[in-house]
Amino acid sequence: MTTRSDRRTRVTVLVALAANLVIAVAKAVGGVVASSPALLSEAAHSVADSLNEVFLLASLRRSRRPADRRHPFGYGKERFFWALLAAVGIFVMGGCFSFFQGVDALTNGGGEDREGYVAGLIVLGVALLAEGASLLRALYQVRRQGGGGSGLRDPALRTVVAEDGTAVVGVTLAMAGMALHMITGEVVWEAAASLAIGALLVYVAYRLGREARDQLIGEAADPEASNRIRELLRAQPEIDSVEALLTMKTGLDTALVAARVDLMPGLDSERVEEVAVRIKRSIARKVPEAEQIFLDITDRGSPEAHEAGESPAATGERGGA
């Protein structure tokens, strides 16, 4: 299922990459011909999006590498790392350049060649159609993968949706700015469009970057999965109490699970080992994303359990082993 989902995501990213490469060239040529700051801002936006799609393609390939000695928990978090780089690319290449174009237009003015602006508006109209088609493709995949939050779990797909949605809004702003510049002869309209595009890109980059950061530094598994694990542990007749349950995403659809549980008194060591194996198998079966499972099992009545219960590791305090 995951492999099929990755293939669909790869196709979606490739569609977006092809559209952005063509659009970036068209916008750049049109912006130079028309001396349009808004159009040049949109060209920078498309260049940033194209580079980001290359990052996302790398994330799809590298995040699926198997675990090895150096990375025993696998490479799943590469997905989040490349998504973070894509957010930085949107901010630097798209947002900052758009702000520069807007300020430069306010300071130095802009060209007002009518024929050039007509050509620029045509370019933007074609770009709007291409970006809209790419956005529809991405939204279609989101719907196939569950829609809403479930469909946007994949940072690669989430980034494509954000980029294409922003591109559609940005092209609309650029067209409005160019049209008002042509009608009124005031470059301030186009400068305002460039500044608005820059602000939009910075905001989108911030949101994408914040989500990637949360996942990189160790985000907990989905609450639903954690609740299923806790209920399963509490349902075991040999478990007296669940003292701590910690989870962390190690990839798009994998997680690490660590639990400290107290057993009912009177169980011998062989029985404890049998219980631990059975519980871990039950968790792996009912919560497929739980790829790595660690159980710290203690007997509440033993001196060892009392000492362990007072340790930082048992309480979840910083410094526990």
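Predicted model only: the values in this text are computed from it and were never measured.
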Is it true that, when you exclude [X] itself, more than 12 heavy atoms of the residues, nucleotides or ligands shown sit nearer than 6.0 Å to its [atom1]?
X: R281; atom1: CZ; value: no
X: Y75; atom1: OH; value: yes
X: F73; atom1: CZ; value: yes
X: F294; atom1: CZ; value: yes
X: F91; atom1: CZ; value: no

Practice item. Apply salt bridge (charged side-chain N to carboxylate O under 4.0 Å, His left out) to R228 and E224, showing your working. Key: CA-CA 6 Å; R228 290 206 309 271; E224 181 182 350; 3.5 Å; yes

[Y] side chain reached by [X] side chain, heavy atoms, under 4.5 Å:
X: R65; Y: H71; value: no
X: V261; Y: D296; value: no
X: L295; Y: I279; value: yes
X: S134; Y: E163; value: no
X: R207; Y: R158; value: no
X: V47; Y: F97; value: no

Please answer whether the main-chain N or O of [Y] pairs with a side-chain N or O of [X] as donor and acceptor at a distance below 3.5 Å.
X: S241; Y: E243; value: no
X: N227; Y: P223; value: yes
X: D222; Y: A225; value: no
X: N52; Y: A86; value: yes

Closest heavy-atom contact between [X] and [Y]?
X: M264; Y: I239; value: CE-O, 4.0 Å
X: A290; Y: V257; value: CB-CG2, 3.8 Å
X: A255; Y: T250; value: N-OG1, 3.7 Å
X: E53; Y: N20; value: OE1-ND2, 2.9 Å
X: A156; Y: L56; value: O-CD1, 3.6 Å
X: A221; Y: S226; value: O-OG, 3.9 Å

[Y] reachable from [X] in the ILVMFWY side-chain graph, under 4.5 Å edges:
X: L51; Y: L21; answer: no
X: V160; Y: V142; answer: no
X: L121; Y: V123; answer: no
X: L233; Y: V272; answer: yes
X: V275; Y: V242; answer: yes

Point to revise | Option passing salt bridge (Lys or Arg N to Asp or Glu O under 4.0 Å) with K249 (candidates E219, E289, E291) | key: E219

Point to revise | side-chain contact (heavy atoms from CB on, under 4.5 Å) between E186 and H181, intermediate numbers included | key: CA-CA 5 Å; E186 297 290 338; H181 187 182; 5.6 Å; no

Carboxylate-amine/guanidinium proximity below 4.0 Å for [X] and [Y]:
X: K77; Y: D214; answer: no
X: E231; Y: R234; answer: no
X: E78; Y: R64; answer: no

Hey, could you give me the [atom1]/[atom2] distance between [X] and [Y], rounded to the nearest 0.5 Å?
X: R210; Y: L84; atom1: CZ; atom2: CG; value: 13.5 Å
X: M178; Y: E190; atom1: CE; atom2: CD; value: 5.5 Å
X: L252; Y: L60; atom1: CG; atom2: CG; value: 9.5 Å
X: L208; Y: T159; atom1: CG; atom2: OG1; value: 5.0 Å
X: R61; Y: R10; atom1: CZ; atom2: CZ; value: 9.5 Å
X: T247; Y: I229; atom1: OG1; atom2: CD1; value: 6.5 Å

Point to revise | Any side-chain donor near an acceptor of the partner, Q215 and R79, under 3.5 Å | key: no

Practice item. Consider only side-chain N and O atoms of S63 and S59, and report whether a donor and an acceptor are under 3.5 Å apart. Key: no

Revision key, fill the gap. Which of L135, V204, I90, V161 passes side-chain contact (heavy atoms from CB on, under 4.5 Å) with T166? Answer is V204

Review point. Could you go step by step and tell me if S98 and L201 meet the side-chain contact (heavy atoms from CB on, under 4.5 Å) rule?
Key: CA-CA 9 Å; S98 295; L201 292 174; 3.9 Å; yes

Review point. What do the steps show when you test Q141 against T12 for side chain to side chain donor-acceptor pair (under 3.5 Å), and what is the final call?
Key: CA-CA 8 Å; Q141 185 179 339; T12 298; 2.5 Å; yes

Exercise for review: Using the side-chain contact (heavy atoms from CB on, under 4.5 Å) rule, take L232 and I283 through it: C-alpha gap first, then chi angles, then the decisive distance, then the call.
Suggested key: CA-CA 7 Å; L232 187 151; I283 293 174; 3.9 Å; yes

